[in-house]
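Structure record follows, encoded as structure tokens.
Residue numbers run from 1 in the order of the sequence given. Atom set for the values below is all heavy atoms of this structure, side chains included, hydrogens, waters and symmetry mates excluded. Computed from a predicted structure; not experimentally measured.
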Amino acid sequence: MFKKHNLWFFFLLFFLGLCQGCRQKNHEPTPDDAAFFPLQVGDYWVYQVTQEKHLAVNSSLKSSYQFQKKIRSSLVQNGQLYYLVEESTRQTEQSAWKLMGIHTVYGSLSEVVSQENNVSVIELVFPILLTTSWNPNLYNTNPEAALQYQNQGQPYAVGPRAFDYTISVVGANDSTLVNQSKYLRVYAPNIGLVYREDVAVAFCQSSSDCIGKGIIASGTTFKWALIASNRLLNTAK
């Protein structure tokens, strides 16, 4: 009887140990959701943008330039804190920045919304879960779309720089015999957007020689890669 009691006691301790291990594993600390879209006056992000415009079959126009977003100031309106973001471009690192426009961004406990030309777009929603999906055009009259999270906590490399923990936002990512579309945003905590890709192209349908071969006839491809930010400097410290 004593041996049987000891045996049950041993299994009880073993079971409790497993439960404790599971509990610790399930509660590993993760980056704060809002940290994936940091908002602070003075923050800036510089991206190397590559663009390819497809004019016809075997004819495209490629360009490359730098794009900067900089939070210039903030203001409170109707109790909501808004950040004013300047958008500038330049051809090379040696060129002067040229201001292209200004938009606003605000964050709440449930979402991050950007506003440009009176069009509000939901960039992120909280909490960040792989089961979450949302319509970025909920607050505007553009057609309904669907975004969702993928690859939570996965590393991601942008050029020579690797980010250990990221979250991806994906939208339309379809490829048919007629066209291809892709929407991708990759965010890193305490840094923000580190990579962006937009694809909207149509494949050749003019002859039997090109149908079904993935030959692009028209459309545009954009790729943004983060190359500089005050937040990269802060992270490196």
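Closest approach of Y195 to W224, counting heavy atoms only: CD1-O, 3.0 Å. Shortest non-hydrogen contact noted between S60 and E52 is OG-OE2, 2.9 Å. Minimum heavy-atom separation, P143 to N137: O-ND2, 2.7 Å. The shortest heavy-atom contact between I122 and L147 is O-CD1, 4.4 Å. In this structure, P38 and A35 approach most closely via the heavy-atom pair CD-O, 3.3 Å. When every heavy atom of P136 is checked against every heavy atom of A145, the shortest pair comes out as CD-O, 3.7 Å.
Residues passing the side-chain hydrogen bond (donor to acceptor under 3.5 Å, both in side chains) test with E111, sequence neighbours excluded: Y139. Residues passing the ring pair (Phe, Tyr, Trp, His ring centres under 6.0 Å) test with F163: none are found, sequence neighbours excluded. In this structure S73 satisfies the side-chain contact (heavy atoms from CB on, under 4.5 Å) test together with L84, sequence neighbours excluded. Contacts of E87 classified as side-chain contact (heavy atoms from CB on, under 4.5 Å), with partners at least two apart in sequence or in another chain: F67, K69, H103, E116. Partners of R72 by side-chain contact (heavy atoms from CB on, under 4.5 Å), not counting sequence neighbours, listed by chain and number: K70, E86. With sequence neighbours excluded, the residues forming a side-chain hydrogen bond (donor to acceptor under 3.5 Å, both in side chains) with E123 are S114, listed by chain and number. For T221, there are no side-chain hydrogen bond (donor to acceptor under 3.5 Å, both in side chains) partners at least two apart in sequence or on another chain. Under the side-chain hydrogen bond (donor to acceptor under 3.5 Å, both in side chains) criterion, S74 pairs with no residue at all, not counting sequence neighbours. By the side-chain contact (heavy atoms from CB on, under 4.5 Å) test, Q94 is found to be paired with T92, residues two or more places apart in sequence or in another chain being considered. The salt bridge (Lys or Arg N to Asp or Glu O under 4.0 Å) test applied to D198 returns R185, R196, not counting sequence neighbours.
The closest side-chain donor-acceptor pair between T166 and Q154, if any, does not fall under 3.5 angstrom. With hydrogens and angles left out, the side-chain atoms of Y82 and Q80 include no donor and acceptor closer than 3.5 Å. A donor-acceptor contact under 3.5 angstrom links the side chains of T104 and Q115, judged on distance only.
When the side chains of ILVMFWY residues are joined at heavy-atom separations under 4.5 Å, either directly or via intervening members, L138 and L129 end up in two distinct hydrophobic clusters. One hydrophobic cluster, built from ILVMFWY side chains closer than 4.5 Å, cannot hold both M100 and V105; they sit in different ones. In the hydrophobic clustering of this structure, L61 does not group with Y65; members are Ile, Leu, Val, Met, Phe, Trp, Tyr whose side-chain heavy atoms approach within less than 4.5 Å, directly or through other members. With hydrophobic clusters built from ILVMFWY side chains whose heavy atoms lie under 4.5 angstrom apart, V41 shares a cluster with V85.
In this structure, Q51 and T220 have side chains that are in contact, with non-hydrogen atoms separated by less than 4.5 Å. Between D43 and Y83, every side-chain heavy-atom pair lies at or beyond the 4.5 Å cut-off. V186 is listed as a side-chain neighbour of S168, based on a closest heavy-atom distance under 4.5 Å. Looking at heavy atoms from C-beta onward, Q152 lies in side-chain contact with Y165 at the 4.5 angstrom threshold. Counting only heavy atoms from C-beta outward, the side chains of W97 and V46 approach each other to under 4.5 Å. Between V194 and W45 there is no side-chain heavy-atom pair separated by less than 4.5 Å. No side-chain heavy atom of L193 sits under 4.5 Å from any side-chain heavy atom of L226. Contact check for S110 versus F126: no side-chain heavy atoms found under the 4.5 Å cut-off.
Taking CG of N190 as the reference point, atom CZ of R231 lies at 6.5 Å (rounded to 0.5 Å). In this structure, OG in S63 is found 8.0 Å from CD in Q91, a value given to the nearest 0.5 Å. Distance check: E197 CD to Y183 OH gives 12.5 Å after rounding to the nearest 0.5 Å. Atom OH of Y187 is separated from atom CZ of F36 by 11.0 Å, given to the nearest 0.5 angstrom. Here the CG atom belonging to N117 is positioned 11.5 Å from the CD1 atom belonging to I102, to the nearest 0.5 angstrom. Note that the CG atom of L55 and the OG atom of S218 stand 9.5 Å from one another [nearest 0.5 Å].
Within a 6.0 Å sphere centred on CG of L109, heavy atoms belonging to other residues, nucleotides or ligands number 12 at most.
A side chain to side chain contact (heavy atoms under 4.5 Å, CB included) with Q150 holds for exactly one of V170, V169, I167; it is V170.
Grouped with V119 in one hydrophobic cluster are V121, the linkage being side-chain heavy-atom contacts under 4.5 Å among Ile, Leu, Val, Met, Phe, Trp and Tyr residues. Hydrophobic cluster membership for F203: V199, V201, I216 (Ile, Leu, Val, Met, Phe, Trp, Tyr linked by side-chain heavy atoms under 4.5 Å, directly or transitively).
Taking the six-membered ring where the residue is Trp, the centroids of Y149 and W134 are separated by under 6.0 Å.
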